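Here the structure is laid out as structure tokens; the discussion comes afterwards.
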Amino acid sequence: MRFRDLKRMQVDIETYCQECFTFPNSARESDRITAIAMSDSAGWGRLISGKELDEGDMLREFVKEICKRDPDVIEGHNLIRFDLEYIEARAKRHKVALTLGRDGSRLGGHAARMQIAERTITYRKYGIFGRHIIDTWILAQHYDVATRELESFGLKDIARQFGIAGAGRTYAPGDKTSWYFDHDPDALFRYALDNVRETRAIAEILSPSYFVEAQIFPYSYQNIPLRGNATKIDALFLREYLHQRRSVPYPNEGRDVAGGFTHMEYQGAAQRVLHSDVTSLYPSVMLVYNYLPQKDELGVFAGLLCDLRGFRIKAKELARGASDDESRVYFNALQSTFKILINSFYGYLGFQMGHFNDFEAANQVTAKGRELIQSAIGWLKDSQAKIIEVDTDGIYFVPPENVQTEADEERLIADLAAILPKGIELELDGRYPAMFSYKMKNYALLDDQGRLRIKGSGLRSRGLELFQREWLEEMLRLLLKNEREKIPEIYNRFVDDIDQHRRPISWLAKTETLQDSLETYQAKLKTKKRNPGAPYELALKAERRYQPGDQISYYVTGMKANVRINENCKLAADWDAEKPDENVEHYKAKLRELYDKFKPWIELEKPSEQKVTLSTGPAQFSLFVPESG
DNA sequence: GCTAGCTGATGCCCG
DNA sequence: AACGGGCATCAGCTAGCG
């Protein structure tokens with residue numbers, strides 16, 4: 001079955017009083033559903049409730065409509081953490097049976113939790129017999145873990161960031177829903193319909209690879225995005241062992257495993273930088289050296305890894321040779337799914353819950369990885385290359401002076417690749433006119449089209465305020481283009497903007513994601529397991545309900561630069577442009593600190609005049625200084 | 001009473 | 001309920017200061 005053969009349907013619910021939303025049973029009397037918008041390939045629909053139509057009737061209509069359209073998949077943005085919870089709570093109040101199942105059974109649900117990288121997401125896991133529930137908010141979380149490029153996770157934000165928001169799109173802010181209902185209900189319905197159109201477009205982009213996975217793993221389409229990769233690989237083991245009627249071992253107890261080799265050899269700006277990396281380092285090491293799960297008597301692991309590698313190469317070829325858009329998108333989804341899977345096999349070795357986990361093998365894999373990358377570093381140094389930064393499987397370096405043309409570079413990489421064992425391949429992954437190496441895993445690259453690429457939590461984290469990220473970007477661009485004399489101007493402009501309240505509060509506000517529930521936070525506070533934090537304190541005071549995974553934007557108030565932030569903060573939404581009360585001294589001090597961190601490079605003397613290199617921090621040398629000097 | 005400097009927890013990111 | 005390695009920020013603590 002192909003993705004396009006699925007009968008998909010999108011659902012979005014607007015409530016009369018969304019800002020007061022509490023659930024499951026404490027919803028205020030004034031809460032009412034005012035619009036449910038639905039779309040599917042056959043057309044668009046809407047249901048209206050509120051003043052004229054009783055909410056119970058509305059819900060019954062909703063059930064009837066879904067059964068009539070009979071979708072295989074129900075898609076929605078925030079479907080499981082908002083719309084379904086709301087509908088369930090309201091249906092309970094109005095004693096409406098949500099018989100959405102294909103066999104006439106009711107919507108079921110239970111509390112659940114999932115992990116996406118460092119994010120823990122609590123949600124209610126819903127089940128509708130014969131149908132799959134896909135939440136594009138969850139898909140967006142997965143997408144962001146891989147790319148780290150989504151600013152926020154609201155439907156409108158994501159649509160804008162993917163460039164699929166319609167030009168004539170209707171916007172109705174959440175806290176104005178009731179106003180629209182009373183004064184311009186039609187705009188509200190258009191808004192809800194635009195929501196489902198965008199949901200459909202986002203699902204079109206993000207969901208096909210999960211559909212592919214559903215055909216590989218013994219999990220339903222609905223469950224695929226809710227499971228971690230190691231869990232899915234474990235399921236492949238279980239299926240094969242049960243199929244062959246073999247017993248399944250218990251997981252081994254976890255122990256410490258060392259990781260990849262990381263090293264920064266040079267801090268500062270460098271020019272003409274190459275990046276080479278070992279292709280699929282860990283999968284290659286596992287297969288070449290047979291570092292495989294000891295308990296896997298049937299050899300499932302190596303077989304799967306080999307097959308998947310083969311599939312991926314095949315899918316990549318097919319994507320490249322695809323004659324139409326649809327098959328290209330399909331094969332690309334296929335190959336990127338395989339890539340992620342292949343990379344998860346190493347993680348499986350160290351997976352606590354994996355029945356065939358093997359920490360010894362995991363340790364051998366990383367040890368061999370460290371050995372291989374260090375031998376590559378050694379060879380490059382012997383060849384008079386200047387190493388800048390190394391992280392696990394890739395090396396940034398400045399090639400020796402006798403390497404000038406691209407052909408020279410290719411030859412250098414080929415010579416380096418030749419010293420590595422058979423089966424371990426190395427390639428030239430990129431060349432950059434300039435690089436600024438700041439700290440381990442933190443650097444900026446300027447490519448030959450003048451595009452700046454920033455890496456690392458210290459330079460591009462969403463945990464940084466927008467003004468910090470903007471400042472870093474402008475400053476790094478000038479450093480890399482060797483125009484650092486312009487940086488002080490920019491600094492002064494930023495100081496002035498802060499002083500004069502010239503920018504909206506989103507420029508100064510910090511956005512953080514709540515990891516713990518408010519109950520857990522309070523329990524930790526009580527037992528002194530953690531210190532108070534501004535986002536949690538604000539969430540506790542807020543009227544709306546917050547749950548783990550929710551983002552919260554806040555800014556610092558007060559008059560002095562040094563204030564206890566959790567006692568001097570306000571929600572960004574409560575900022576009043578007429579009476580700006582952000583802590584100007586605090587933000588100016590932060591900008592100053594940031595400037596000072598980069599001061600050694602901003603106020604560096606001109607290369608020709610420079611005599612000494614900086615003596616603080618890690619081992620340093622300057623690539624601006626000629627070898628003889 | 002104040003602050004610099006340390007420690008541990010948290011949040012986010014790299015490969 | 002994939003892994004380890006890294007950085008920045010914040011609050012609380014403490015030694016050392018006036």
Side-chain angles (χ1 to χ4, degrees), chain A residues 112-122 144-149 226-234 251 254-264 275 277-278 280-282 340-354 357-359 361-363 365-367 369-370 373 389-396 429 438-443 453-465 468-469 472 510-516 520-521 524-525 528-537 548 551-552 556 562-569 586 590 593-594 597:
Chain A
R113 201 172 11 165
M114 69 175 299
Q115 194 82 34
I116 301 180
E118 70 278 355
R119 298 161 215 190
T120 308
I121 294 158
T122 52
D144 183 65
V145 163
T147 63
R148 303 272 172 191
E149 64 184 29
L226 304 175
R227 300 273 180 227
N229 280 327
T231 308
K232 286 184 262 190
I233 291 170
D234 202 49
R255 65 172 174 84
D256 281 353
V257 173
F261 176 76
T262 56
H263 179 63
M264 186 180 69
H275 181 236
D277 72 348
V278 181
S280 306
L281 176 65
Y282 288 171
I340 294 162
L341 271 179
I342 289 163
N343 289 334
S344 303
F345 269 67
Y346 157 71
Y348 179 83
L349 293 177
F351 176 38
Q352 301 266 354
M353 300 281 118
N357 62 5
D358 188 336
F359 296 94
N363 229 344
V365 171
T366 54
R370 292 192 297 274
I373 201 75
E389 208 240 25
V390 185
D391 191 353
T392 310
D393 58 0
I395 308 171
Y396 287 97
D429 183 56
Y438 177 51
K439 296 199 172 160
M440 267 188 222
K441 297 174 192 275
N442 285 269
Y443 55 85
R453 229 176 295 181
I454 298 176
K455 294 279 193 175
S457 64
L459 303 178
R460 61 165 279 180
S461 169
R462 261 177 311 231
L464 293 168
E465 299 88 337
Q468 296 216 53
R469 275 179 282 163
L472 282 165
K510 185 178 261 197
T511 303
E512 282 184 69
T513 308
L514 299 180
Q515 307 286 4
D516 285 332
T520 309
Y521 167 74
K524 283 184 181 173
L525 268 193
K528 297 224 187 292
K529 284 256 194 326
R530 66 161 291 166
N531 296 325
Y536 289 96
E537 293 302 320
Q551 287 179 307
I552 198 156
V556 180
N562 280 318
V563 292
R564 213 177 259 128
I565 292 171
N566 67 76
E567 291 168 5
N568 294 276
C569 55
H586 171 81
K590 288 197 97 164
E593 281 166 33
L594 201 55
K597 283 182 192 168

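Keep in mind that what you see is a predicted model, and the values were worked out from it rather than measured. Just so you know, these numbers use all the heavy atoms, side chains as well, and skip hydrogens, waters and symmetry mates. Chain A is the first sequence line, chain B the second, and so forth, proteins listed ahead of strands; every chain is numbered from 1.
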Test item: side-chain donor near acceptor, A:Gln515 and A:Tyr536, under 3.5 Å: no
Residue closer to the 5' end of DNA chain C, A:Gly260 versus A:Phe351 (nearest nucleotide): A:Phe351
Donor-acceptor pair (no angle test) under 3.5 Å: A:Ser457 side chain, C:dG6 base: yes
Phosphate OP1/OP2 of C:dA11 contacted by A:Asn566 side-chain N/O (<4.0 Å): yes
A:Arg148 and A:Arg462, any side-chain heavy atoms less than 4.5 Å apart: yes
Sugar-phosphate, base or nothing in reach of A:Ile116, heavy atoms under 4.0 Å: nothing
Under-4.0 Å side-chain N/O to phosphate OP1/OP2 contact, A:Arg530 with C:dA11: no
Touch class at under 4.0 angstrom, heavy-atom based, for A:Thr120 against every strand present: nothing
Sugar-phosphate, base or nothing in reach of A:Gly458, heavy atoms under 4.0 Å: sugar-phosphate
A:Lys439 side-chain N/O to C:dA8 phosphate OP1/OP2 under 4.0 Å: yes
Any A:Tyr443 side-chain N or O less than 4.0 Å from OP1/OP2 of B:dG15: yes
side-chain hydrogen bond (donor to acceptor under 3.5 Å, both in side chains) partners of A:Lys439, counting only residues at least two apart: none
Phosphate OP1/OP2 of C:dG12 contacted by A:Arg564 side-chain N/O (<4.0 Å): yes
Side-chain donor-acceptor pair present, A:Tyr282, A:Asn343, cut-off under 3.5 Å: no
Sugar-phosphate, base or nothing in reach of A:Ala258, heavy atoms under 4.0 Å: sugar-phosphate
Phosphate-side-chain proximity, A:Lys528 and C:dA11, N/O vs OP1/OP2 below 4.0 Å: no
